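Quantities reported herein were computed from a predicted structural model and do not represent experimental measurements. As the structure lists them, so they are numbered: ligands from 1, and atoms in each ligand from 1.
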Amino acid sequence: MSDAGASPWPAQVTVDLDAIAHNVGVLRGHAGSAGVMAVVKADAYGHGLVPSARAALAGGAAALGVAQPAEALALRQAGVAAPLLCWLLTPSVDTDALLAVDVQVAASAPWALDLLAAAARRAGRTAQVQLKVDTGLSRGGAFALPVGPGDPRTDFQALVRHAAALSAEGVVRVVGVFSHFAYADAPEHPTVRAQQEAFADAVRLAERAGLDLEVRHLSNSAATLTTPAAAWDMVRPGLAVYGLSPVPELASAADLGLRPAMSVSARVAVVKRIPAGQGVSYGHTYAPEQATTVVDVPIGYADGVPRHASGTGPVQVAGRRFRVSGRVCMDQFVVDVGDVPVAAGDEVHLLGGDVDGAPTAQEWADAAGTISYEIVSRFGPRLPRRHVGEAGR
Ligand SMILES: *Cc1c(COP(=O)(O)O)cnc(C)c1O
């Protein structure tokens with residue numbers, strides 16, 4: 001799978017669908033009796049929305065999750081019929097379109113419920129809703145904690161009350177309640193326990209209001225792998241589906257039995273000798289101490305190679321490890337390969353996938369001062385994506 005074969009592309013992303021299916025199997029092993037909702041937002045973290053979603057379902061995912069409505073619609077348009085939750089709404093959302101193709105929608109505020117109820121009345125149907133509760137991330141969701149002393153009322157209580165009224169009217173069916181951790185990658189952090197307790201309270205509140213919940217879920221990849229007690233009825237992993245460790249300080253992907261699905265490679269465009277002391281790439285931030293061979297690699301920050309990894313990003317050429325020499329440019333970067341014989345057209349591995357010894361997304365993240373999530377999800381649309389493997393085809 002490392003060999004791009006007769007590919008006409010200077011650089012490309014290869015995604016192993018069998019690795020995605022395998023990783024979902026690993027996550028199911030951790031989830032116990034809870035189902036796996038595979039998160040496929042952001043073009044499946046850069047792996048390709050539809051093929052990745054199908055591979056995850058083939059691996060045993062019970063449902064799919066996305067952030068934006070357009071992502072949900074794209075999945076339905078491609079014929080993906082699995083239960084599907086979309087959780088990032090703004091008031092301009094086309095709720096009619098989502099309702100027409102049976103997308104479950106997350107509501108963080110009463111206005112979202114009203115939009116869904118209105119769409120449901122127009123269509124003469126019932127809208128499927130999940131209530132998003134903020135248990136301490138302070139991002140999306142209705143806040144479930146009291147804001148000041150002496151006033152125990154919360155946004156989440158108001159959301160539940162509104163949902164119960166619309167549910168009694170029959171225009172809305174509340175199928176679930178969910179929340180999201182702030183510190184799942186540090187399982188000993190006190191907020192992990194506090195958010196679990198706040199979530200249990202929120203679930204109790206919703207059930208006491210008469211909502212008959214099918215699913216209650218809280219766990220992203222890190223929590224699925226490290227905090228099994230938080231699994232409830234469903235877990236909601238993203239990163240680990242693609243074979244990357246959400247807890248790199250605690251365990252590598254290999255330690256977790258995960259297989260990185262993405263590899264990224266390019267073909268050497270130019271090979272040349274330069275003299276000692278010759279500055280390389282913009283700003284001449286790198287200069288070799290002796291005469292050397294440099295190669296030009298046709299992939300750059302416009303494709304998602306982080307410019308912050310100038311001088312540090314790891315690559316493998318001719319079976320040997322090197323680092324980016326000097327600055328990453330928009331379409332290319334340079335590598336000093338010393339006296340190792342390299343020819344134009346030779347393959348340069350940026351991300352190895354299963355290739356022995358090739359760099360990992362975590363190494364790129366360390367080189368660029370970021371997280372592996374950002375590395376894989378930023379490999380952009382200029383790079384063709386080649387899907388290999390059988391899962392979900
Ligand atoms: C992105 C996201 C996830 C998946 O998180 P990972 O850390 O990639 O497993 C789960 N739930 C919500 C609400 C998200 O936004």
Any protein N/O atoms within less than 3.5 Å of an N/O atom in ligand 1? List the atom names and distances, or say none.
unit_1, atom_1, unit_2, atom_2, d
ligand 1, 7 (O), Tyr373, OH, 2.6
ligand 1, 8 (O), Tyr45, OH, 2.5
ligand 1, 8 (O), Leu239, N, 2.8
ligand 1, 9 (O), Ser221, N, 2.7
ligand 1, 9 (O), Ser221, OG, 2.6
ligand 1, 9 (O), Gly238, N, 2.8
ligand 1, 11 (N), Arg236, NE, 2.8
ligand 1, 11 (N), Arg236, NH2, 3.2
ligand 1, 15 (O), Lys41, NZ, 2.7
ligand 1, 15 (O), Trp87, NE1, 3.4
ligand 1, 15 (O), Arg139, NH2, 3.4

Expected list for residues 376-384: side-chain donor-acceptor pairs under 3.5 angstrom, two or more places apart:
unit_1, atom_1, unit_2, atom_2, d
Ser377, OG, Tyr373, O, 2.8
Arg378, NH1, Glu374, OE2, 2.9
Arg382, NE, Asp303, OD1, 2.8
Arg382, NH1, Asp331, OD1, 3.1
Arg382, NH2, Asp303, OD1, 3.4
Arg382, NH2, Asp303, OD2, 3.0
Arg382, NH2, Asp331, OD1, 3.0

Margin query: Would you say Arg259 and His22 are linked by a side-chain donor-acceptor pair, where the criterion is simply a distance under 3.5 Å?
Written below: no
Margin query: We want to know whether Tyr242 and Asn23 form a side-chain donor-acceptor pair, criterion being a heavy-atom distance below 3.5 angstrom.
Written below: no
Notebook entry, point to check: Considering residues at least two apart in sequence or located in another chain, which fulfil the side-chain contact (heavy atoms from CB on, under 4.5 Å) criterion with Arg54?
Noted result: Val50, Ala78, Val80
Check: For Asp43, which residues count as a side-chain contact (heavy atoms from CB on, under 4.5 Å) partner, sequence neighbours excluded?
Finding: Leu49, Arg385
Item checked: Smallest separation among heavy atoms of Arg76 and Val101, with atom names -> NE-O, 2.7 Å
